[in-house]
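Just so it is clear, the model here is predicted, and its values are computed rather than measured. Naming: A, B, ... by sequence-line order, numbering from 1 per chain.
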Amino acid sequence: MNKSHWLVKQEPDSYPWSAFVKDGQTEWDGVRNYQARNNLRAMKNGDLVLYYHSVKGKEVVGIATVIREAYPDPSATKGDWSAVDIKPIKPLRNAVSLETIKSDERFSEIPLLKHSRLSVMPITPSHFDLILELGQTSV
DNA sequence: GCCAACGTTGGC
DNA sequence: GCCAACGTTGGC
């Protein structure tokens, strides 16, 4: 219990939520940033993960969960990198746009805004709940 | 398409 | 160990 909450970014041109749903689950690999990697390593089975479309869309589109904790990234030919497996739970009824998040001062401390280049980040329970509320969705 | 932010690399 | 150069991310 005591689940943690996360947000991962992906460009929909590379791997949109729809492809993720079609696949049923996916290997979250290819992360080459130490901070993001360390966040991947802190993920536990059952943790909840927000799925954000960067560059195009710029919105949180769905909720996923961790089904396999960190293991060596098979896509890494050198270096010490990790991957996790996640699977979709459900889409947000209403996608929550970056614009909405930026305009709501309750999100002023969210890493999505403060560390805009970080691709895997922790989300506080209150921010997570707020995204779900704005997305008119419950887990 | 541009560019700010930021991480990495490599010369010294 | 410093820092300039360079590459990447991602919003605008």
Would A/Tyr52 and A/Glu11 count as a side-chain hydrogen bond (donor to acceptor under 3.5 Å, both in side chains) if you check the C-alpha gap in whole Å, the side-chain angles of each, and the deciding distance to 0.1 Å? CA-CA 8 Å; A/Tyr52 175 80; A/Glu11 295 192 30; over 6 Å; no
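- Taking the six-membered ring for Trp and the full ring otherwise, the centers of A/Trp81 and A/Tyr34 sit less than 6.0 Å from each other.
- Ring geometry for A/Phe20 against A/Tyr51 counts as parallel: the plane angle stays under 30°, on a 0 to 90° scale with 60° as the upper cut.
- Protein chain A contacts DNA chain C over a range whose 5' and 3' limits, counting nucleotides with an atom under 4.0 angstrom from a non-hydrogen atom, are C/dG7 to C/dC12.
- By the side-chain hydrogen bond (donor to acceptor under 3.5 Å, both in side chains) test, A/Lys114 is found to be paired with A/Glu109, residues two or more places apart in sequence or in another chain being considered.
- For residues 74-86 of chain A, the salt bridge (Lys or Arg N to Asp or Glu O under 4.0 Å) pairs, not counting sequence neighbours, are A/Arg37-A/Asp80, A/Arg41-A/Asp80.
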